[in-house]
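Quick notes on the structure that follows.
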2 protein chains.
Amino acid sequence: MTDSVVLDTVDLRILRLLQNDARATYRELAEATGVAASTCLDRVARLRRSGVILGHRLELDPAKLGRGLQALLSVQVRPHRRELVGPFVDRIRALPESRAVFHLTGPDDYLVHVAVADMTDLQRLVLDEFTSRREVARVETRLIFQQWECGPMLPPGTAGTGR
Amino acid sequence: MTDSVVLDTVDLRILRLLQNDARATYRELAEATGVAASTCLDRVARLRRSGVILGHRLELDPAKLGRGLQALLSVQVRPHRRELVGPFVDRIRALPESRAVFHLTGPDDYLVHVAVADMTDLQRLVLDEFTSRREVARVETRLIFQQWECGPMLPPGTAGTGR
DNA sequence: AGTGAAAGCCTTATGTA
DNA sequence: TACATAAGGCTTTCACT
């Protein structure tokens, strides 16, 4: 389950199409790939079973949901031991403001991507949920001016495959 | 298009359900929300039109695609002027290794989330695509041990609404 | 805006090669 | 494993409220 998976041209084309629009029908996939719709169904099911496709997620606009300000919080957790960092991550993940949490190499142990309503909300979040905790040694807050999601993720060296 | 949108209980329930499984059928949404399937269709179409729903995206496992190593690159671009940073962002976004780019406050102008095959690949990426460029003054690389996506994003103060 | 029903398309199980 | 087909379910439209 941890290893890389062998994908052929059809798999790659299907993934590329579904990344553009995850609601593409099997008929559309069939037309675009040249194989039968029922085969596309099999392929997608296999990609899900093998763990390549983790899920179909809705992408929402935070600003439209009243969370117009986003930030990255670099957090040092000290001492950096399992019995402290496990519950720390669990609590942070459960916050409605959290979008993603990264455990990193380097002096800052965690990076937390948060979406809040405004600066007041951010200050409250930092003070009440981070610096107030004994295991949190340091928090550095950086505001996000702008962000970009990048193109479809595909295996290395497949830039032109299947086109 | 930039302002927050008014969402009622039905909208919130639909968003919550679709975030758990973006492939939920309108019939399932109808059953869960208590309104007709055709109404759910209208609601989802409205949420898309108003920009709350940006898209339906496929979530893939980078490791299964031969990108078993992820990192965050903090980048200083100097001088930090539009005519330099615009092309810089465009080039970085176009890299197949890039997953996301953030423009931030603070001394590090950009944070780039990348997924690569291995350490050799990461070294190549940093040397060839970042430090080799004249406008890139500094790059700091942090490896990602582990990462977590967080729970559904909803408007502040709606934790219990509609349940 | 929401509803219910009807028409048509899509998904998906199955048999075959 | 891929295909074609068919049955059933889902989406989507529409007239009505």
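This is a predicted model, so every value here is computed, not measured. Note on naming: letters A, B, ... go to the chains in the order of the sequence lines (proteins, then strands), and numbering restarts at 1 for each one.
We find that CG of L29(A) is positioned 14 Å from C1' of dT12(C), with the value rounded to whole Å. Rounded to a whole Å, the CD atom of E31(A) is 14 Å from the P atom of dC9(C).
The backbone N or O of V116(B) sits nowhere less than 3.5 Å from a side-chain atom of D121(B) that would complete a donor-acceptor pair. Looking at E28(B), its side chain does come within 3.5 Å of a backbone N or O of T25(B) through a donor-acceptor pair. The main-chain N or O of I92(B) is found under 3.5 Å from a side-chain atom of S98(B) such that the two form a donor-acceptor pair.
Checked options R78(A), R91(A), R82(A); the residue passing with E135(A) is R91(A) (criterion: salt bridge (charged side-chain N to carboxylate O under 4.0 Å, His left out)).
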- [ ] Between protein and nucleotides 8-15 of chain D, map the contacts as a letter string: B base, S sugar-phosphate only, - none, heavy atoms under 4.0 Å, written 5' to 3'.
- [x] --SBBB--
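The minimum heavy-atom distance between D108(B) and L104(B), with the atom names listed, is O-CB, 3.9 Å.
Taking 4.0 angstrom as the limit, R43(B) places a side-chain polar atom (N or O) nearer than this to OP1 or OP2 of dG2(C).
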